[in-house]
There are 2 protein chains.
Amino acid sequence: MTPRSGPAPQLAARPKGRVRRQQESAILKAAERVFARTGFEGGTMTEIASLAGLPKANLHYYFRCKDELYRAVLDNILSLWLAETEVITIDADPASALSAYVAAKMRLSATRPDASRVFANEVIHGATRIGGFLRDELSSVVAQRALVIDQWASEGRIAPIDATHLFFTIWAATQTYADFESQVCAVLGKTRLGKADLVRASAHVTTVVLRSCGLPCAGAGPATPPLPSISH
Amino acid sequence: MTPRSGPAPQLAARPKGRVRRQQESAILKAAERVFARTGFEGGTMTEIASLAGLPKANLHYYFRCKDELYRAVLDNILSLWLAETEVITIDADPASALSAYVAAKMRLSATRPDASRVFANEVIHGATRIGGFLRDELSSVVAQRALVIDQWASEGRIAPIDATHLFFTIWAATQTYADFESQVCAVLGKTRLGKADLVRASAHVTTVVLRSCGLPCAGAGPATPPLPSISH
DNA sequence: GTCTATACCTGGATAGAC
DNA sequence: GTCTATCCAGGTATAGAC
């Protein structure tokens, strides 16, 4: 539909000029914000258009319909979700690897809270549009990494723990600072989370994860003594 | 709020006959389900009415408007949210109290997943309607219980930990089995969570919480040795 | 490619008979 | 108290000039 000049004009994925990419990313950015605030049904095309600074009809020029725009927003987000698990390898130091993973997830919650909220919203409502991603990509990544953690445990480098559920816990504990930010703020008596709060939160979650694996954690007080039988 | 028969028939809160209560609870039940699936804006009055088995106009007879119905659903849910914290007292055994609290939260996720999802949805979207509850009731309950946990730590009965953030972690880790059920199922390769899954999940979260507090946990393998310096 | 004007429809809310 | 028929706002999507 936008067959520009050049050697290979696709039918599905069009070539995309520089301007087009710019407009699309502006729209996607606005859409992420709007969908994060009120969900798919709650957010309106008018709202997204005004936030992106262009007339409503232009959205339909770049994205056929609201649902297509929403899926594009989700696609944009999903790639973020698998990242950072690669630090979890057999050869890595468990404490360092887990700390790095938690830190990465916390950073994501801090820098892309809207992305997290759109994802959360979609999952809560049944994940109808991203079921394939969850069942295929995500579950296979988790399965791989869980094997690594099991291996660590069988070598006595960490305490035995249910590795798959550990992932659920890490995701929940980190994403709560984005998804449930308003609750966290209310309980802390703040209007929004500052950098100091997030540093504190990150340290806390790291402590929880490391202690859950029977690992001592630097700077967390006289918490858990080193595992009696460490072998490497 | 429920002035039954007697001297003073109010204008705002009406007396409520038995039938009225029945109808209202049927509507509330249907509404919770519908709002859980698609959020406030996504759920329609038509859908709720058909699920409750009565014509749409009747909803408006019992609840002035959609927003009022939604708030009623939320009110119904909020009371559940503060429950069970009373097990956390200075005199209690930390391991037992924390285990009981986690178990209670897991039970809530298992038995009232829709309630959890409606609550999550509201918080993600900014908690505009329950801000007062979060800032007043919830935060004060948390502040009280955090003092208890701090006291436990200062007495050396548990390892030092950020008590307020520990609550965030417990809520996140337990509610994820309701709110993110579709993700959990996808990763586990199931279509829905069975009793066995929830038992396993509950054991896992309990382990995480106890280990985070430097406490040994029964039946969780050779994880954390008892704290070296326990005083009571 | 961009924008204005508009068609079409869904969904909340109400009127008024029973 | 219950239900049918209807109103009307607001939202998606499109037509068609520029």
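Proteins get letters first, then strands, A, B, ... in listed order; numbering begins at 1 in each.
Rounded to an integer number of Å, the gap from B/L59 CG to D/dT2 C1' is 12 Å. A/I27 places its CD1 atom 12 Å from the P atom of C/dG1, with the value rounded to the nearest Å. The CD1 atom of B/I48 sits 18 Å away from the P atom of C/dT10 (whole-angstrom rounding). If you take OH of A/Y61 and P of C/dG1, they are 4 Å apart, rounded to a whole angstrom. Following rounding to the nearest Å, A/Q22 (CD) and C/dG1 (P) show an atom-to-atom distance of 13 Å.
Contact check on B/K105 versus B/E84 returns no salt bridge, with no Lys/Arg side-chain nitrogen under 4.0 Å from an Asp/Glu carboxylate oxygen.
Considering B/N121, B/V118, B/D114 as possible partners of B/F35, the one that fulfils the side-chain contact (heavy atoms from CB on, under 4.5 Å) test is B/V118.
Classified by interplanar angle (parallel below 30°, tilted 30° to 60°, perpendicular above 60°), the ring pair B/F180/A/F119 is tilted.
Contacts of B/S50 classified as side-chain contact (heavy atoms from CB on, under 4.5 Å), with partners at least two apart in sequence or in another chain: none.
Donor-acceptor pairing under 3.5 Å is recorded for the side chains of B/Y70 and B/E122.
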Verify ring pair (Phe, Tyr, Trp, His ring centres under 6.0 Å) between B/H165 and A/Y177, making sure each step is shown before the conclusion.
-> CA-CA 10 Å; B/H165 284 264; A/Y177 292 101; 5.6 Å; yes

Let me have a per-nucleotide readout for nucleotides 3-18 of chain D, 5' to 3', with B, S or -, counting only protein heavy atoms under 4.0 Å.
-> BB------SBBB----

